[in-house]
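I have placed the structure first, in the form of structure tokens, so that the comments after it can refer back to it.
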Amino acid sequence: MRKFYITTPIYYVNDRPHIGHAYATFSADTIARYHRLIGEPTMFLTGTDENAEKNVESATAAGETDVQHYIDRMSALWQVTWDELGISNDDFIRTTEERHLRGVEKFWQAVEQSGDIYKGQYEGLYCIGCEAFYRESDLTPEGLCPLHKRKPELVKEENYFFRVSKYKDALLRYHNEHPTFAAPASRRQEVLRYITDHLEDVSISRTAKGWGIPVPGDASQVIYVWFDALINYLTAVGYGTDDETFAKWWPADMHLVGKDIIKFHCALWPAMLLSAGLPLPAQVFAHGFFTISEEKISKSLGNAIDPRDLVETYGVDALRYFLLREIPFGGDGDFSIERLAGRYDSDLASGLGNYVSRILALTKGVEMLTVGNDLKVVFDETWKSYHRHFAANEPGRVLEVIWQVLKEGDRYIDECAPWALKKDAEKTDELAVVLGTLIESLRQLAWLLTPFMPETAMKIFTSLGWQDELKRSLTEASVWGAQTHGPVVATTDPLFPRLTA
RNA sequence: CGGGGGGUAGAGCAGUCUGGCAGCUCGCGAGGCCCAUAACCUCGAGGUCGCGGGUUCGAAUCCCGCCCCCCCAACCA
């Protein structure tokens, strides 16, 4: 049976989760839920990146003397956030965990054995804040780091280098043979150009300063953070610790990343895997970035939004819906409270919520229900586009077709006017068919919504009295009319209460 | 300098690959319905598809040139 292994980036532990991180994680979560829905064994991984040298400084700044303690606290913040947001990750990897250290060590040795690690001289102006080297021309006129406004140190040290250049042709060949490896297509050109023009051997270690993973066999050096960070995708599924699990999940099917790190994932990462003799992932998908009310999300602007604040007002599902519907997947977009509120009112309160509400109200007290076929074709067709759009990595399109079917349903109610049938004793049979059909549309709708709005889907099933519905397989449940038991209609609070007073 | 994306109705977007009446959501106007969360349905107004050329029976779409905006490169998903 096919399996599905999807990852998010591991997040820098000294950041705080903001709406952009939540977007990446919600996206991965939705895709993971979809694959579970269609019955594939699914592994959904996220985690935190904890070996950066900068953490020592951040800990001090936060008034902590014990770096590990600081890291534990910050990592927990991420885990709690994802828990509160209902993220369905199957694992959470921390790069300070023992399983990661062991895997990284094994990986380093594998690369070393391929002859791809050598010692070289590294010299440059280094800003500890950026953890990056600068050229003189990059600095401010005063010779300061443009970002941190501090004087970079002249660092001259002997480091270990990874022979990426050796894999240039192999990488190009791989991209050529797997044109969807770097996705969306609009990113491909950028990656290929980078490999062709700029792929040089890279330094993969730094002088040890008390934090980071020691280079195997040379404790005076630690592994440069990005090199160890990428390996999380392997160590989380057992590389170096559990061969059986590793064989089950690797290679990954989808690395979901931000567009800023696509080069790492599409050039350096596959080169590392080739060197270590491991199979390459099927796809690296770069989601876009969005602005907040037309402004970049940035620490200096301080406009980062904590997703949990939004959830308090709108609920998790509304936020998920908004982000996946409004931001084209793989493209950039803009986020604003006004737009979120607008989608909430029109699509969720007036659209979905109202649809559920009017059907439940109409059905209340009606005993006899028969599922008719008036909406069968519409839903059958919807399922087809549903799978097609998911396969094409277009979750926004999926939501579009779901909302189209909702419109069909509303139209059907108006055409049949069940409230009128209700008043006519001669039309009991007709009423039973109309209401039965509508109830079935709710059941199907809830199934369609499951990956996007898990809470809402569950609420719909609960209000129908079908709490166990999700235990069925989709193959069985997506068949029109496949109701296992008669509906026990319960009253329910509005799914999306109107917020505007 | 180099690489990428975009400019389509008042707002936000799809359509461009594979040329064929210019479409969606919100907002606006009129009518209908009255089950429902001031919700739902129908109809309508509103667009020189950034500009200029070219190819074609036919161009938002293909080709050439130009203008403007944004991103990456360089914190940040």
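Just so it is clear, the model here is predicted, and its values are computed rather than measured.
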Determine the contact category for [X]: base if any of its heavy atoms lies under 4.0 Å from a base atom, sugar-phosphate if only primed atoms, P, OP1 or OP2 are that close, otherwise nothing.
X: A:Gly342; value: nothing
X: A:Lys422; value: nothing
X: A:Ala349; value: base
X: A:Pro418; value: nothing
X: A:Ile359; value: nothing
X: A:Tyr12; value: sugar-phosphate
X: A:Asn354; value: base
X: A:Gly258; value: sugar-phosphate

If the [atom1] atom of [N] is compared with that of [M], how far apart are they to the nearest Å?
N: B:rU61; M: B:rG29; atom1: P; answer: 35 Å
N: B:rG23; M: B:rU48; atom1: P; answer: 15 Å
N: B:rG50; M: B:rA59; atom1: P; answer: 15 Å
N: B:rA73; M: B:rC66; atom1: P; answer: 27 Å
N: B:rG32; M: B:rA14; atom1: C1'; answer: 30 Å
N: B:rG12; M: B:rG27; atom1: C1'; answer: 11 Å
N: B:rU25; M: B:rC70; atom1: C1'; answer: 24 Å

Atom pair distance, as rounded to whole Å: [atom1] in [X] and [atom2] in [N]:
X: A:Ile337; N: B:rA11; atom1: CD1; atom2: P; answer: 22 Å
X: A:Trp82; N: B:rA77; atom1: CH2; atom2: C1'; answer: 9 Å
X: A:Ile413; N: B:rC41; atom1: CD1; atom2: P; answer: 9 Å
X: A:His18; N: B:rC76; atom1: NE2; atom2: P; answer: 10 Å
X: A:Asp345; N: B:rA39; atom1: CG; atom2: P; answer: 8 Å
X: A:Arg411; N: B:rU42; atom1: CZ; atom2: C1'; answer: 9 Å
X: A:Gln404; N: B:rC41; atom1: CD; atom2: P; answer: 13 Å
X: A:Leu362; N: B:rC33; atom1: CG; atom2: P; answer: 17 Å

Aromatic contact, [X] with [Y] (centres under 6.0 Å):
X: A:Trp447; Y: A:Tyr386; answer: no
X: A:His255; Y: A:Phe285; answer: no
X: A:Trp269; Y: A:Phe264; answer: no
X: A:Tyr321; Y: A:Phe452; answer: no

Looking only at the side chain of [X] (C-beta and beyond, no hydrogens), which of the listed nucleotides [options] gets closest?
X: A:Lys407; options: B:rC41, B:rA77, B:rU37; value: B:rC41
X: A:His287; options: B:rU37, B:rA77, B:rC35; value: B:rA77
X: A:Ser350; options: B:rC40, B:rC76, B:rU37; value: B:rC40

> OP1 or OP2 of B:rA39 sitting under 4.0 Å from any side-chain N/O of A:Arg498?
Replying inline: yes

>> Check this one for me: any side-chain N or O of A:Arg397 less than 4.0 Å away from OP1 or OP2 of B:rG15?
In response: yes

Flag the pair [X] and [Y] as a salt bridge only when some basic side-chain nitrogen lies within less than 4.0 angstrom of an acidic carboxylate oxygen.
X: A:Glu440; Y: A:Arg443; result: yes
X: A:Arg206; Y: A:Glu53; result: no
X: A:Arg73; Y: A:Glu64; result: yes

> Mapping A:Glu326 and A:Trp419 to their closest nucleotides on RNA chain B, which lands nearer the 5' end?
Replying inline: A:Glu326

Which atoms of nucleotides 27-32 of chain B (N or O only) lie under 3.5 Å from a protein N or O atom, and what are those distances?
from	atom 1	to	atom 2	distance (Å)
B:rG32	N2	A:Asp414	OD2	3.4

Let me check something: any side-chain donor-acceptor pairs from residues 401-409 of chain A under 3.5 Å, sequence neighbours excluded? List them with distances.
from	atom 1	to	atom 2	distance (Å)
A:Trp403	NE1	A:Asp347	O	3.1
A:Glu408	OE2	A:Arg411	NH1	3.1

>> Just so I know, are the side chains of A:Met272 and A:Phe162 near enough to count as touching, which here means a heavy-atom distance under 4.5 Å?
In response: yes

